[in-house]
Amino acid sequence: MTLAPGLQARLLIMVEREDTAAKVGSGDVPVLATPRVLALAERASVQALAGALAPGQTSVGTRVSLEHLAASPVGTHVEIAVELTEVDGRRLVFGFVARDRRSVVASGTIERVVVDRERFLARLTRDGGATG
């Protein structure tokens with residue numbers, strides 16, 4: 001594994017009804033839901049690692065810090081950008097920011113750990129699916 005800070009990825013979405021707090025159950029308003037912001041940032045972090053991990057490796061999320069700063073109604077285009085900022089052995093830290101055309105919508109960090117996919121899945125089976 002030769003991971004180094006600077007890996008980046010970007011996603012561009014248009015907020016749809018399915019992305020709203022009212023639809024996902026995290027609120028009752030028709031704006032981009034905080035859980036969707038997180039899911040998109042995590043997707044972008046996985047995308048940034050595509051092709052950078054050794055065969056048989058994957059990454060799993062371990063910690064998130066997210067600040068949701070502005071509402072994005074249905075129809076708004078939002079870009080989520082992530083950058084790998086720290087590599088500490090198997091531990092990876094990404095910074096992310098989500099922006100619409102007017103402002104920063106959200107920002108934060110995502111920590112992931114590189115694991116061997118087969119060993120990780122075998123442990124789930126052996127432990128009965130418990131994750132701790």
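Under the 4.5 Å side-chain contact rule for hydrophobic residues, L3 and F96 share a cluster. With hydrophobic clusters built from ILVMFWY side chains whose heavy atoms lie under 4.5 angstrom apart, L66 shares a cluster with V82. L7 and L53 fall within a single hydrophobic cluster, where Ile, Leu, Val, Met, Phe, Trp and Tyr side chains are chained together by heavy-atom contacts under 4.5 Å. In terms of hydrophobic clustering, with Ile, Leu, Val, Met, Phe, Trp and Tyr side chains grouped at heavy-atom distances under 4.5 Å, I13 and I110 are assigned to a common cluster. Residue L40 is grouped with residue V78 when hydrophobic side chains (ILVMFWY) are merged at heavy-atom distances under 4.5 angstrom, including chains of intermediate members.
With contacts defined as side-chain heavy-atom distances shorter than 4.5 Å, the pair L92/L84 qualifies. Put simply, the side chain of D100 reaches to within 4.5 Å of the side chain of S72, judged on heavy atoms. You'll find the side chain of V87 reaches within 4.5 Å of the side chain of P5, heavy atoms only.
Atom CD of E118 sits in a sparse spot, with 12 or fewer heavy atoms from other residues, nucleotides or ligands closer than 6.0 Å. Taking a 6.0 Å sphere around CG of D88, one finds it holds more than 12 heavy atoms contributed by other residues, nucleotides or ligands. Crowding of R63 atom CZ: a count of heavy atoms from other residues, nucleotides or ligands under 6.0 Å not exceeding 12.
For the pair R90 (side chain) and V114 (backbone), a donor-acceptor distance under 3.5 Å is present. For E42 (side chain) and A39 (main-chain N/O), no donor-acceptor pair under 3.5 Å exists by modelled atom type. No donor-acceptor pair closer than 3.5 Å links the side chain of R10 to the backbone N or O of I80. Here the side chain of T109 pairs no donor or acceptor atom with the backbone of F94 at under 3.5 angstrom.
Here T34 contributes atom OG1 and E67 contributes atom CD; the two are 11.0 Å apart, rounded to the nearest 0.5 Å. Between the CZ atom in R117 and the OG1 atom in T58 there is a gap of 4.5 Å [rounded to 0.5 Å].
Taking all atoms of both residues into account, the shortest heavy-atom contact from V37 to A106 is CG1-CB, 3.7 Å. The two residues A9 and Q47 make their nearest non-hydrogen contact at CB-NE2, 3.9 Å.
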